[in-house]
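Please read the structure below before turning to the comments.
All values below come from the heavy atoms of this structure, side chains included, with hydrogens, waters and symmetry mates left out. Residue numbers run from 1 in the order of the sequence given.
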Amino acid sequence: MAPLPHCLLLLAYSFFFFFFLFFFHPVYASPGDSDPIYKDCVVQCEKSGCAGDKCFQHCKFSSDGKPVDGPWYLQEPLYLRWKQWDCQTDCRYHCMLAREEERSNVGDKPVKYHGKWPFRRVYGIQEPVAVALASLNLAVQFHGWISFFILIYYKLPLKPNKKTYYEYTGLWHIYGILAMNSCFWNAAFHSRDVELTEKLDCSSAAAFIGFSLIVAILRALNVRVEAARVMVSAPIISFVTTHILYLNFYKLDYGLNTKVCLVMSITQLLIWAVWAVLSRHPSQCKLWMLVFGGAVAMLLEAFDFPPYAGYVDAHALWHATSIPLSYIWWSFVRDDAEFRTAALLKKAE
């Protein structure tokens, strides 16, 4: 087990390599934003309240800025009220659809508008497939966490003080809560992209992946002393906290958050891969499935492509891959709890 710290040092260098690879490149506006036909459509729509044959009540304002037929939220369908659709967002959406139809007719490929692919709404939900898959992943995470809880406290033996023999119980409880929180806000963000949901999505994802990195290091190095755990965790917690504060109070940058999360994910994936080789864990095959599956999932995050039929894009497929991976992951955690508990009981005899 001596080579493990050297491997982790190599992973640290890999972390910074990917950091520079992902971060230092020029940023351009989305092609759809600069399309003069799209821009003119939005301007005319905001003035007239109509995009083609589609008109919006909340685009009809009087000279004092109030809707001519009363508050717009009293005229919208109930399922759209909480979505905060306003004149500008509706004009952008319908002008985008009209422009993409024109581009498709002449054989052009879809382009991004305001940083997002041209998705089609379903009952006011911006990305229905991503929302459905994120919700399903939330259910899988909840099932995994509950099954781990039942195993630890009701199936495996406990110490005389009613505490578990498994040294990482608390860490996995925190992991489960952060995972479910991330899935929830991810579904909310894909349902309606506003500043609040974007901040909560980015913050919860960064917190979850940052803590996952901490768990990977602590488990791979078998760190059981609380003081050592604090020393290992403190730099990562400080970095993630600073990143979240930057997103919430300085500049909300979804692309930046994606890159930070990818770097942390790649680092922990490499840590688990090295540990799978060196540890000879009885559930090594599950760990390798997670490593390879995680690599495929990250490729989907890194290499984006337009949504098929306006619904399924690379990120939606990433959500789809995360569902079986989450199930296998919690299965590995339960196996690890049984393995460590059995080892400690045998040692105590």
Worksheet item: Within the side chain of Y311, is there an N or O that forms a donor-acceptor pair under 3.5 Å with the backbone of A130?
Response: no

Hydrophobic cluster membership, with links at side-chain heavy-atom distances under 4.5 Å among I/L/V/M/F/W/Y: are [X] and [Y] in one?
X	Y	answer
Y250	L247	yes
V277	F339	no
V129	W117	no
V225	Y165	no
V43	Y113	no

Worksheet item: What orientation do F149 and Y154 show, parallel under 30°, tilted 30 to 60°, or perpendicular over 60°?
Response: tilted

Item to complete: Anything under 30° is parallel, anything over 60° is perpendicular, the rest tilted; go ahead and classify H315 against W318.
Response: parallel

Starting at [atom1] of [X], measure out to [atom2] of [Y] and round the result to the nearest 0.5 Å.
X	Y	atom1	atom2	result
Y153	I150	OH	CD1	12.5 Å
W272	L213	CH2	CG	10.5 Å
I266	I209	CD1	CD1	10.5 Å
K346	L344	NZ	CG	12.0 Å
L299	L317	CG	CG	12.5 Å
Y175	I214	OH	CD1	13.0 Å

Worksheet item: Can Q268 and V215 be said to form a side-chain contact (heavy atoms from CB on, under 4.5 Å), step by step?
Response: CA-CA 9 Å; Q268 63 178 287; V215 172; over 6 Å; no

Holding to side-chain contact (heavy atoms from CB on, under 4.5 Å), I want the full list of residues that pass it with [X], two or more places apart in sequence or in another chain.
X	result
E102	I37, R99
K109	none
N161	K159, K163

For a 4.5 angstrom cut-off between non-hydrogen side-chain atoms, does [X] reach [Y]?
X	Y	value
T164	L156	no
M96	V42	no
I323	H319	no
Y246	K251	yes
F208	W185	no
F211	L171	yes
F189	Q126	no
T341	P157	yes

Tell me the closest heavy-atom pair linking [X] and [Y], and the distance in Å.
X	Y	value
S191	V131	N-CG2, 3.4 Å
L178	A207	CD1-O, 4.0 Å
A206	N257	CB-OD1, 3.7 Å
F148	A337	CE1-CB, 4.1 Å
I271	A216	CG2-O, 3.8 Å
P128	R120	CD-O, 3.7 Å

Compile the donor-acceptor pairs under 3.5 Å between side chains in residues 227-242 and protein atoms, sequence neighbours left out, one pair per line.
from : atom 1 : to   : atom 2 : distance (Å)
R229 : NE     : V223 : O      : 2.9
R229 : NH2    : E167 : O      : 3.0
R229 : NH2    : V223 : O      : 3.3
S233 : OG     : R229 : O      : 2.7
S238 : OG     : A234 : O      : 2.8
T241 : OG1    : I237 : O      : 2.7
T242 : OG1    : S238 : O      : 2.8

Practice prompt. For residues 92-200, pull every pair meeting disulfide bond (SG atoms under 2.5 Å apart), keeping only residues two or more places apart or in separate chains.
Written response: C41-C95

Solution key, residues 284-298 side-chain donor-acceptor pairs under 3.5 Å, sequence neighbours excluded:
from : atom 1 : to   : atom 2 : distance (Å)
Q284 : NE2    : A276 : O      : 2.2
K286 : NZ     : S331 : OG     : 2.5
K286 : NZ     : D335 : OD2    : 2.6

For residues 198-205, which side-chain N or O atoms pair as donor and acceptor with protein atoms under 3.5 Å away, sequence neighbours left out?
from : atom 1 : to   : atom 2 : distance (Å)
K199 : NZ     : E195 : OE2    : 3.2
K199 : NZ     : N248 : O      : 3.1
D201 : OD1    : N186 : ND2    : 2.9
S203 : OG     : K199 : O      : 2.7
S203 : OG     : N248 : ND2    : 2.8
S204 : OG     : L200 : O      : 2.7
S204 : OG     : D201 : O      : 3.1

Response to the item:
ring-ring contact (aromatic ring centres under 6.0 Å, His included) filter on Y168, not counting sequence neighbours, yields Y166

Worksheet item: Excluding sequence neighbours, so at least two apart, what forms ring-ring contact (aromatic ring centres under 6.0 Å, His included) with Y327?
Response: none

Worksheet item: Looking just at side-chain N and O atoms, do D336 and H281 make a donor-acceptor pair shorter than 3.5 Å?
Response: yes

Discussion item. Tell me whether the count of non-hydrogen atoms from other residues, nucleotides or ligands lying under 6.0 Å of OH in Y308 goes above 12.
Written reply: no

Worksheet entry | Separation of SG atoms, C45 and C91, below 2.5 Å | yes

Worksheet item: Is it true that E127 and K116 have a side-chain N and a carboxylate O under 4.0 angstrom from each other?
Response: yes

Worksheet item: Who are the side-chain hydrogen bond (donor to acceptor under 3.5 Å, both in side chains) partners of R103, not counting sequence neighbours?
Response: none

Worksheet item: side-chain hydrogen bond (donor to acceptor under 3.5 Å, both in side chains) with H94: which residues, sequence neighbours excluded?
Response: none

Discussion item. Listing request: all side chain to side chain donor-acceptor pair (under 3.5 Å) pairs with a residue in residues 140-150, at least two apart in sequence or in separate chains.
Written reply: Q141-S326, Q141-W330, W145-H173, S147-R334

